[in-house]
Student: 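Before anything else, here's the structure in question.
Below, chain A is the first sequence line, B the second, and so on; all start at residue 1.
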Amino acid sequence: MQKASARCGAHNVLSMIKEYNFNEIERRWQNAWREGGVYRTEEVEGARHCYVLDMFPYPSGAGLHVGHPLGYIASDIYARYKRLRGYNVLHPMGYDAYGLPAEQYAIQTGQHPAVTTERNVARYREQLDKLGFSFDWDREVRTCDPGYYKWTQWTFIQLFKSYYDNTAGKALPIAALEARFAERGTEGLDAACTEVLTFTADEWKGWNEGKRQEVLMNYRLAYLADIAVNWCSELGTVLANDEVVGGLSVRGGYPVERKLMRQWSLRITAYAERLVKDLEHLDWTDSLKEIQRNWIGRSEGAAVWFPLADGGDVPDFEIFTTRPDTIFGVTFMVLCPEHEMIGKITTAEHRAEVEEYVAWAKNRSERERQAEVKRVSGVFTGAYALNPLTDEKVPIWVSDYVLAGYGTGAIMAVPAHDSRDFAFARRFGLPIRQVVSLEKDAVSDPATWTESMDAKTGYAVNSGFVTGMKVKDAMKAVIDRIEEKGIGRRTVNYRLRDAIFSRQRYWGEPFPIYYKGETADATRLTPYPIPEECLPLELPEVTDFKPTASGEPPLGHAKRWAWDEANRAVVATECIDYKTVFPLELSTMPGFAGSSGYYLRYMDPRNNEEYFSQKAVQYWQQVDLYVGGAEHGTGHLIYARFWNKFLYDLGLAAKDEPFRKLINQGMIQGRSNFVYRSKQDSNLYISKGLVKDMAEVTPIHVDINIVENDVLDLELFKEWRPEFKDARFELEDGKYVCGWEIEKMSKSMYNVQNPDDLVERYGADTLRLYEMFLGPVEQAKPWDTGGIEGVHRFLKKFWKLYQGDETVSGSEAPDDASLKVLHQTIKKVTDDIERFSFNTSVSTFMICCNELTSLKCRSTEVLKPLLVLLAPFAPHMAEELWHELGEEGSVCQAQWPECNERYLVEDTVNYPVQFNGKMRFTLALPAAATQEEALAAVMAAPESGKWMGGKEPRKVIFVPKKIINIVC
RNA sequence: GCGGACAUGGCGUAAUCGGUAGCCGCGUCAGACUUAGGAUCUGGUUCCGAAAGGAGUGGGGGUUCGAGUCCCCCUGUCCGCACCA
């Protein structure tokens, strides 16, 4: 490539034209920017400010592929644009450095995760630097850095020391709750909790420290509890709900099972209401807001207590329903297999069967359960409940279609109006009773139905006092009656679960928690946070990254992992005596811990006294633009909002929401190439056009680097892998044509496009421009190297525009035509950046360049402002040309040019005509028609009298060639 | 099953307010300069048609003087959730 252009240069008549040597230019300016500290940011009082943030990457061993920088380029363009507009811009970058892959790699190779992480970070940095980003690297954070995770641990302690008061609508100190208990017990308390407790102040005062701690744990925002978790035995750890998809772990794709374990959790459900409500005001895409709404899954309904028929001392069942209006259609009840009442109510006759079913259901993996949703299973307990409104006796069944984690794990079944209850009733021959119909009184025999009527429309029928009411009214009436009778209440349920916060892994933040108690019995110990002044609690060294022989997490291997309470220090594990030296928590925090507040830390990253200073947070406020993938919609983007809201409640964060505007960049997919191996002759490869029947060949992924325009390089193919050494080919037109498919970009499909190669070949400016040119940032699109030539050609042409021969260089006065091009470009590019339409800006530059070239524009008055426009997109070239024009300072610190409206006159001609009316109409006219001719044509048209009602046109919009529009 | 987004030339796409559909680029065709071209430059390129002309934004209907854009129905693609009572 370079050789070719060098030869071309020698042939050129204008031999003083400098070559566009992008590699040299880019290297030089990247160094100059770094040395000059051009992108360093400080809080400047009074200046307008803007915080532009990318989701920080996990530095994986594979390095960056062309998909990663897409968002970084977009945000960099925006950040640079805002700077040129005079804003003080915070545009930092860092690394989400804790995580599973480094640890898995450590288990396999014995290589310490800190070492591989350091190596990967260095590689990422090198790749990022080559792309010319304007990050302020002085503010870099890494989640695995003790100076950083000190504050992750600190926030955890604050969560531990807080509870959520629903009356106040915010988090409050747990000390206030203790004081309240001592004064009034639980009277009048409305707080987020695991289990609703009722006790008096005297009871509270009578309890010992252990019991009190147990009670407080029920309210803490970070709490320890026995909960059903997603256990992944392959990874040896539990996972959060968003880390499990379809019963498999997101990382690695290993099976996940439900298991009851004692784990730390964050009471994120306390914030469910705020998390849903506050979405409304965010400048995010509707689809992402919808994803979060679905994930939080708010549903309004009623909790109703169903007593057991002849129940004795067995307490009532609490069920949750969104359809209280259908309570007259209840024909049975269903409990989840995990329900604690099953043992107490099952009759002797059914006991064996029920126990067998429960055991079977519990042993099924999540995956099996999800895969067999359609298969209905369940058993009868022999017990009956009473419908609290009708006193009707209904049988109680157990089935795994009722989930333990949602509501109370018990439902009232209304088979006529719920498809799952319907299927269950059909399977076990239970009665189905219609209580809703589309028309008043239009009842039919449910035995003839093929499906239930689930819609919340129509009228109540066969429903006692609500019969004849509309469904919506019936719902309200039934809830009112239920509350009146004291058999239930209005309530809201969320699909969102508390976030499980423990991971049985090594490479994560240690919990700043130790366990105190008289004995070594883990279940009797009480967790205490280590004093805040002692943070960070540093991750101890281990040599073995696997779980211990006794099944403890890897930290169980640590030689120094005990807390000396008196000396406030970490000491050797063998010193544990349960008097002054206690064991530390062995789990570590999950990946989302470190990423939940990093955007706040960037504001004040080197502060060792606080998470971030109030001065910094009051200055930057919140992230103005956040760019990253939509795949974080149910993970990071929920946790970060929760984290931020909590810090806001503490009076630390300046805003209730962390990310004002969010852009989701689309994934760049790979374009894979295939060769077709004959099934008869395993050494014969058939060109795509000659394959008659796909069943006779095996498609094999082939490295895209040995394919050009879908034509395979036969020699490189033979050298590629030993098994292809003696390959034979069936060629078409002397070429081997490969098949192709759009797939995820991944190593295993040999379709990864490395940005380094492209930077080497075309330069960073070309790559930046091309990634933007591919299409809208938000859209997923396949990588296609073909078009990059066009963008590169544009840059070469643009370069040439500034390389005029010396006789005219930079001195000519601007002509109107060139100024018009310039100002139209200013207008278009400014508007495009403001609405994040970077692909159209690139097109605009191309048009501008073509027009100025044909106008032979040499005026600095035009060429200089144009460089400022180009600077966000192709900063290296803009900088180089800026200096060639003899300008001082960096183009990155110049002023964005203002558009002069005078040059924006449209080709369309407006002819205002006096007339008062509203009607507009269209008429075809010859291109050269004048105003008079246009009006004459309008008046002459046969319908004109009808159109205008005898009046004259007000405004004629004349469009050349074809059409005029006339406003009357 | 529920929810969301999208559908425009051979390809990626553009059309910002309901007002000339197809900008810009790729590819391709023709030409120029060349010993040569995977360099550079010029011109053409939605489809049908020799042309005049006609058709045309997944399909069908509607609103409107006017629809790629708004409304309804259908089809297809992508994404999210998925026994959430």
Student: For the P atoms, the ones on B/U69 and on B/G25, what distance do you get once it is rounded to whole angstrom?
Tutor: 28 Å
Student: Listed by chain and number, what are the ring pair (Phe, Tyr, Trp, His ring centres under 6.0 Å) partners of A/Tyr357, not counting sequence neighbours?
Tutor: A/Trp360
Student: A/Arg671 near the nucleic acid: base, sugar-phosphate alone, or nothing, with a heavy-atom cut-off under 4.0 Å?
Tutor: nothing
Student: Quote, to the nearest angstrom, the P distance that separates B/C29 from B/C17.
Tutor: 39 Å
Student: Once ring pair (Phe, Tyr, Trp, His ring centres under 6.0 Å) is applied, do any residues pair with A/Trp295, and if so which ones, sequence neighbours excluded?
Tutor: none
Student: Give the rounded distance in Å between these two atoms: CD1 of A/Ile847 and C1' of B/G22.
Tutor: 13 Å
Student: Decide, yes or no, whether a salt bridge links A/Asp831 with A/Arg835 under the criterion of side-chain N to carboxylate O below 4.0 Å.
Tutor: no
Student: Between atom CG in A/Asp242 and atom P in B/G80, what is the gap in whole Å?
Tutor: 13 Å
Student: What protein N or O atoms touch nucleotides 25-28 of chain B N or O atoms at under 3.5 angstrom, if any, and at what distances?
Tutor:
| unit_1 | atom_1 | unit_2 | atom_2 | d |
| --- | --- | --- | --- | --- |
| B/G25 | OP1 | A/Asn850 | ND2 | 3.4 |
| B/C26 | OP1 | A/Arg793 | NH1 | 2.5 |

Student: Please state the C1' separation for the pair B/C33 and B/U42 - nearest whole angstrom.
Tutor: 11 Å
Student: Salt bridge or not for A/Arg298 and A/Glu273, using N-O below 4.0 Å?
Tutor: yes
Student: Can you list, by residue number, the residues of residues 776-783 of chain A that have a non-hydrogen atom closer than 4.0 angstrom to RNA chain B?
Tutor: A/Pro776, A/Gln779
Student: Can you tell me if A/Thr840 touches the phosphate of B/C24, counting only side-chain N or O atoms and a distance under 4.0 Å to OP1 or OP2?
Tutor: no
Student: Where does B/C26 land, syn or anti, once you apply the within-90°-of-0 test for syn?
Tutor: anti
Student: Does the pair A/Arg761/A/Asp757 count as a salt bridge with the N-to-O cut at 4.0 Å?
Tutor: no
Student: Pick base, sugar-phosphate or nothing for A/Ser299, based on heavy-atom distances below 4.0 Å to the nucleic acid.
Tutor: sugar-phosphate
Student: B/A39, OP1 or OP2 - any side-chain N/O from A/Lys796 closer than 4.0 Å?
Tutor: no
Student: Are OP1 or OP2 of B/G12 and a side-chain N or O of A/Asn839 less than 4.0 angstrom apart?
Tutor: no
Student: Regarding A/Val402, tell me which of base, sugar-phosphate or nothing describes its non-hydrogen contacts under 4.0 Å with the strands shown.
Tutor: base
Student: Suppose you measure atom P in B/U34 against the same atom in B/U28; what distance do you get, rounded to whole Å?
Tutor: 24 Å
Student: Any base atoms under 4.0 Å from A/Leu403, or only sugar-phosphate, or nothing? Heavy atoms, all strands.
Tutor: base
Student: Using whole Å, report how far CZ of A/Arg835 lies from P of B/C17.
Tutor: 8 Å
Student: What salt bridge (charged side-chain N to carboxylate O under 4.0 Å, His left out) pairs are there with at least one residue in residues 322-337 of chain A, not counting sequence neighbours?
Tutor: A/Arg323-A/Asp325
Student: Suppose we screen for side-chain contact (heavy atoms from CB on, under 4.5 Å). Which residues come up paired with A/Trp305, at least two apart in sequence or across chains?
Tutor: A/Asp316, A/Glu318, A/Arg489
Student: Output all residues satisfying ring pair (Phe, Tyr, Trp, His ring centres under 6.0 Å) with A/Tyr81, sequence neighbours left out; order by chain, then residue number.
Tutor: A/Trp896
Student: Round to a whole Å and report the spacing from CG of A/Leu288 to C1' of B/C6.
Tutor: 17 Å
Student: Please tabulate, for the side chains in residues 329-339 of chain A, all donor-acceptor contacts under 3.5 angstrom to protein atoms that are two or more places apart in sequence or on a different chain.
Tutor:
| unit_1 | atom_1 | unit_2 | atom_2 | d |
| --- | --- | --- | --- | --- |
| A/Thr331 | OG1 | A/Pro431 | O | 2.8 |
| A/His339 | ND1 | A/Met341 | N | 3.2 |

Student: For nucleotides B/C72 and B/G9, find the distance between their C1' atoms and express it as a whole number of Å.
Tutor: 29 Å
Student: Please measure how far the C1' atom in B/U46 lies from the corresponding atom in B/C11, and state the result in whole Å.
Tutor: 13 Å
Student: Which is it for B/G9, anti or syn, if anything within 90° of zero counts as syn?
Tutor: syn
Student: Whole-Å distance between B/U16 P and A/Asp831 CG?
Tutor: 12 Å
Student: If you write RNA chain B from 5' to 3' in dot-bracket form, with Watson-Crick or G-U pairs under 3.5 Å, [ ] for crossing pairs and | for pairs with another strand, what do you get?
Tutor: (((((((..(((......[....)))((((((.......))))))(((....)))..(((((..]....))))))))))))....
Student: Ring pair (Phe, Tyr, Trp, His ring centres under 6.0 Å) with A/Tyr494: which residues, sequence neighbours excluded?
Tutor: none
Student: CE of A/Met475 versus P of B/A85: gap in Å, rounded?
Tutor: 11 Å
Student: Expressed in whole Å, how much space separates the P atoms belonging to B/G27 and B/G76?
Tutor: 35 Å
Student: Going by the rule side-chain contact (heavy atoms from CB on, under 4.5 Å), which residues pair with A/His632 if we only count those two or more places apart in sequence or in a different chain?
Tutor: A/Met55, A/His636, A/Leu637
Student: Taking only N and O in the side chain of A/Arg293, is any of them less than 4.0 Å away from OP1 or OP2 of B/G80?
Tutor: no
Student: Could you give the CG-to-P distance, from A/Asn294 to B/C81, as a whole number of Å?
Tutor: 9 Å
Student: Using atom CG of A/Leu774 as one end and atom P of B/A14 as the other, report the distance to the nearest whole Å.
Tutor: 11 Å
Student: Are any non-hydrogen side-chain atoms of A/Leu767 and A/Tyr762 less than 4.5 angstrom apart?
Tutor: no
Student: Side chains of A/Thr269 and A/Asp498: any donor to acceptor distance under 3.5 Å?
Tutor: yes
Student: Roughly how far apart, to the nearest Å, are B/G10 and B/C79 at atom C1'?
Tutor: 28 Å
Student: List in chain and number order the residues that pass side chain to side chain donor-acceptor pair (under 3.5 Å) with A/Ser299, two or more places apart in sequence or in another chain; answer none if no residue qualifies.
Tutor: A/Tyr406
Student: Between A/Gly775 and A/Gly297, which has a closest nucleotide on RNA chain B that is more 5'?
Tutor: A/Gly775
Student: Hey, which sits more toward the 5' end of RNA chain B by its nearest nucleotide, A/Asp286 or A/Gly407?
Tutor: A/Asp286
Student: Identify which nucleotide among B/A82, B/G80, B/A85 has an atom closest to any side-chain atom of A/Trp295, counting heavy atoms from C-beta outward.
Tutor: B/A82
